[in-house]
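Working notes, structure below.
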Amino acid sequence: MTTNTKYNLTTRILLAMAIGILVGTLFKFLLDGQAERVVDVGVFSFGIKALFIDGFFHVGGQIFIASLKMLVVPLVLVSLICGTSSLKDIRTLGRIGSKSMSLYILTTALAIALAVFFATLVKPGEGVNMTPASDFNPGQAPGLAQVFINMFPSNPIDAMAKGEMLQIIVFAVLFGVALALSGEAGERLRLMFEDINTAMMKLVGIVMHFSPYGVFFLMAKQFTILDLSDMANLAKYFGLVLFVLVFHGVVVYGAFITFAARLNPLMFFSKMKETALFAFSTSSSNATIASNMTTTTQKLGVDNKVASFTIPLGATINMDGTAIMQGVATVFIAQVYGIDLTFSDYLLVVLTATLASIGTAGVPGVGLVMLAMVLQQVNLPVEGIALIIGVDRLLDMTRTAVNITGDAMVSCLVGKSENCFDEAVFNDPKAGQLS
């Protein structure tokens, strides 16, 4: 099976996703609510769930996720060292960092504000009569001071082993700066890392060739366990979050690309299709870093000096999709419980969610932790989170696609402002095709 063009790979991913959804739905129908169903074929018998759902689908999907995550730490480390060490003026790094952080904070604030606006307009929680699970525990978020302390690794090797992205970024930046200041010795090491980076990009291409199979396994497994009855009960909430996600991803990001970067938004979204599909199927920004860096540098024309910093940073702290969920969920939960929020409460929601997107960057299950923090700030019952868990998995897939699109958009803006952007590559529909 060949993947000579971007279009062919995109088509294969879409077909794999569609077939996976159909197969998963079929197996859910075959189980018909049973924990297991045994099929007899002559002298052989097998359980559908054990052989397919927990067998082929689970194993295939987890191998794909593991393959993507395998790329993350070496790719981020090597790319960031290459990008930082190649900077002639170290002050450039400060500009790239401040611009990236400012844009990520701005887009997150816009996302939460849009979510609150549409939620108060549509009122998804009015008339809903649901009882949350009493045993729900969202977990605890660390204090802001501890978050900043945790950014600096005491053991860089341990940080790489654990995949602590902020610590890896800090170490790679400092090491890259040290190489840039080390004269001939630093230049020799920089060239070695450039060669490693070339090999890493080839490895990314190899994994991408096999991605449609992984997408199929993930979709098939996911749609055998999704409880569609929960989605029916929460259809208004689900539909509203989905609408705001699409609105933010298309209209807001499109406006930034059009007016701030003065680029063609249709070309941008066309080149982001494959990476967005990866993000949707994996529900993990970190697992999509490799694909997003390849797309940003080879298809969108952003220099590695910028992309090696903005993409890993965005995957760690840019949570526009999660912020949208928080805004809609906060208003939804308030309406379900019949609690009126004031204008100052809404402002507090926007502020808390924006700051929390940075402050809880390294926390597992970050979306629910952040939502718990927001609810506590406006005195809403935290156990209300249990109302939305049933449909959160499917929304999480869409949120991740929005998040990584925002990472690429910010990379384009920062790259163009720093003259680290090749507009000819951006405007070439065939740029970066897998060969």
- Are any non-hydrogen side-chain atoms of Leu395 and Met325 less than 4.5 angstrom apart? no
- Name all residues meeting the ring-ring contact (aromatic ring centres under 6.0 Å, His included) criterion together with Phe27; count only those two or more places apart in sequence or in a different chain, and write none if there are none. Phe52, Phe57
- Message: Using modelled atom types and a 3.5 Å cut-off, is there a donor and acceptor pairing between side-chain atoms of Lys416 and backbone atoms of Ala261?
- Response: yes
- Message: Can you list everything that forms a side-chain contact (heavy atoms from CB on, under 4.5 Å) with Ser154? Sequence neighbours excluded, please.
- Response: none
- Task: Evaluate the side-chain hydrogen bond (donor to acceptor under 3.5 Å, both in side chains) criterion for residues Thr310 and Ser100: first the C-alpha distance (whole Å), next the side-chain angles of each, then the deciding distance (0.1 Å), finally the verdict.
- Result: CA-CA 6 Å; Thr310 55; Ser100 302; 5.5 Å; no
- Please work out whether the ring planes of Phe64 and Phe278 are parallel, tilted or perpendicular, with thresholds of 30° and 60°. tilted
- Got a second to check how far Ile324's CD1 is from Leu240's CG, nearest 0.5 Å? 10.0 Å
- Query: With distance as the sole test, does Lys271 use its side chain to make a donor-acceptor pair with the main-chain N or O of Leu300 at under 3.5 Å?
  - Reply: no
- Using salt bridge (charged side-chain N to carboxylate O under 4.0 Å, His left out) as the criterion, list what pairs up with Glu418, not counting sequence neighbours. Arg95, Lys99
- Separation between NZ of Lys305 and CG of Leu80, rounded to the nearest 0.5 Å: 13.0 Å
- Message: Please find the pair of heavy atoms, one from Pro381 and one from Leu375, that lie closest to each other, and give the distance.
- Response: O-CD1, 3.9 Å
- Task: Specify whether Tyr213 and Phe210 have parallel, tilted or perpendicular ring planes, treating 30° as the upper limit for parallel and 60° as the lower limit for perpendicular.
- Result: tilted
- Which side chain to side chain donor-acceptor pair (under 3.5 Å) pairs, counting each pair once, include a residue from residues 71-87, with sequence neighbours left out? Ser79-Asn197
- Query: Which residues satisfy the side-chain contact (heavy atoms from CB on, under 4.5 Å) test with Ser67, sequence neighbours excluded?
  - Reply: Ile63, Val207
- Item | Heavy-atom closest pair, residues Ile13 and Val215 | O-CG1, 4.1 Å
- Would Ile112 and Gln326 satisfy side chain to side chain contact (heavy atoms under 4.5 Å, CB included), going step by step from the backbone distance to the final call? CA-CA 7 Å; Ile112 188 75; Gln326 292 166 23; 4.1 Å; yes
- With sequence neighbours excluded, what pairs up with Phe426 under the ring-ring contact (aromatic ring centres under 6.0 Å, His included) test? Phe421
- Item | Gap separating the CD1 atom of Ile311 from the OG1 atom of Thr288, nearest 0.5 angstrom | 10.5 Å
- Those residues that, when tested against Arg262, pass side chain to side chain donor-acceptor pair (under 3.5 Å) (two or more places apart): none
- Taking C-beta and beyond as the side chain, do Phe216 and Val23 meet within less than 4.5 Å on heavy atoms? yes
- Please report the shortest heavy-atom distance between Val306 and Ser411, naming the atom on each side. CG1-O, 3.9 Å
- Yes or no on side-chain hydrogen bond (donor to acceptor under 3.5 Å, both in side chains) for Thr282 and Ser284, after CA distance, side-chain angles and deciding distance? CA-CA 5 Å; Thr282 62; Ser284 171; 5.2 Å; no
- Message: If the condition is side-chain contact (heavy atoms from CB on, under 4.5 Å), which residues does Leu189 pass it with, not counting sequence neighbours?
- Response: Leu179, Met192
Using residues 245-255 as the side-chain source, report each donor-acceptor pair under 3.5 Å to any protein atom, sequence neighbours left out, with the distance given to one decimal.
from: His248; atom 1: NE2; to: Asp320; atom 2: OD2; distance (Å): 3.2
from: Tyr253; atom 1: OH; to: Asp320; atom 2: OD2; distance (Å): 2.6

- Message: Quick test of your reading of the model: are Lys430 and Asp428 salt-bridged, counting only N-O distances below 4.0 Å?
- Response: no
- From CG (Asn403) to OG1 (Thr322), nearest 0.5 Å: 5.0 Å
- Message: Can you confirm whether Phe269 sits close enough to Thr405 that some side-chain heavy atom of one is under 4.5 Å from a side-chain heavy atom of the other?
- Response: yes
- Return yes if some donor-acceptor pair links the side-chain N/O of Glu164 with the main-chain N/O of Ala159 below 3.5 Å, else return no. no
- Item | Distance (rounded to the nearest 0.5 Å) between Phe152 CZ and Gln167 CD | 10.0 Å
- Message: Please report the interatomic distance OG(Ser291) to CG(Leu71), rounded to the nearest 0.5 Å.
- Response: 10.0 Å
- Message: Any non-hydrogen side-chain atom of Lys221 less than 4.5 Å from a side-chain atom of Gln62?
- Response: no
- Stepwise, does the side chain to side chain contact (heavy atoms under 4.5 Å, CB included) test hold for Phe171 with Asn155? CA-CA 10 Å; Phe171 173 74; Asn155 185 341; over 6 Å; no
- So which heavy atom on Ser283 is nearest to which on Asp396, and how close? CB-OD2, 3.7 Å
- Query: With a 4.5 Å limit on heavy-atom distance, are the side chains of Phe223 and Lys28 in contact?
  - Reply: no
- Item | Worked check of side chain to side chain contact (heavy atoms under 4.5 Å, CB included) between Thr398 and Phe280 | CA-CA 6 Å; Thr398 310; Phe280 183 85; 3.6 Å; yes
- Answer whether the closest heavy-atom distance between the side chains of Val425 and Lys299 falls below 4.5 Å. no
- Message: Could you check whether any side-chain N or O of Asn427 sits under 3.5 Å from a backbone N or O of Glu423, counting only pairs where one atom can act as donor and the other as acceptor?
- Response: yes
- Can you check side-chain hydrogen bond (donor to acceptor under 3.5 Å, both in side chains) on Asp345 and Thr342, steps first, answer last? CA-CA 5 Å; Asp345 287 331; Thr342 64; 3.1 Å; yes
- Answer yes or no: is there a donor N or O on one side and an acceptor on the other, between the side chain of Thr120 and the main chain of Phe117, under 3.5 Å? yes
- Query: Can you name the nearest heavy-atom pair linking Ala172 to Ile81, along with the distance?
  - Reply: O-CG1, 3.8 Å
- Message: Suppose we screen for ring-ring contact (aromatic ring centres under 6.0 Å, His included). Which residues come up paired with Tyr237, at least two apart in sequence or across chains?
- Response: Phe332
- Message: Could you check whether any side-chain N or O of Ser270 sits under 3.5 Å from a backbone N or O of Leu266, counting only pairs where one atom can act as donor and the other as acceptor?
- Response: no
- Task: Begin from the C-alpha positions of Leu68 and Met208 and carry the test side chain to side chain contact (heavy atoms under 4.5 Å, CB included) through to its verdict.
- Result: CA-CA 9 Å; Leu68 291 174; Met208 293 303 117; 3.8 Å; yes
- Note on the structure: side-chain contact (heavy atoms from CB on, under 4.5 Å) filter on Leu191, not counting sequence neighbours, yields Glu187
- Pairwise side-chain contact, Asn304 with Met293, heavy-atom cut-off 4.5 Å (strictly under): yes
- Note on the structure: Sorted by chain and residue number, the salt bridge (charged side-chain N to carboxylate O under 4.0 Å, His left out) partners of Lys162 (sequence neighbours excluded) come out as Asp158
- Shortest non-hydrogen contact from Leu371 to Ala329? CD2-CB, 3.9 Å
- Task: Determine, step by step, whether Asn318 and Asp407 satisfy the side-chain hydrogen bond (donor to acceptor under 3.5 Å, both in side chains) criterion, reporting the C-alpha distance in whole Å, the side-chain angles of both residues, the deciding distance to 0.1 Å, and the verdict.
- Result: CA-CA 7 Å; Asn318 180 36; Asp407 299 344; 2.8 Å; yes
- Message: Can you confirm whether Met201 sits close enough to Gln298 that some side-chain heavy atom of one is under 4.5 Å from a side-chain heavy atom of the other?
- Response: yes
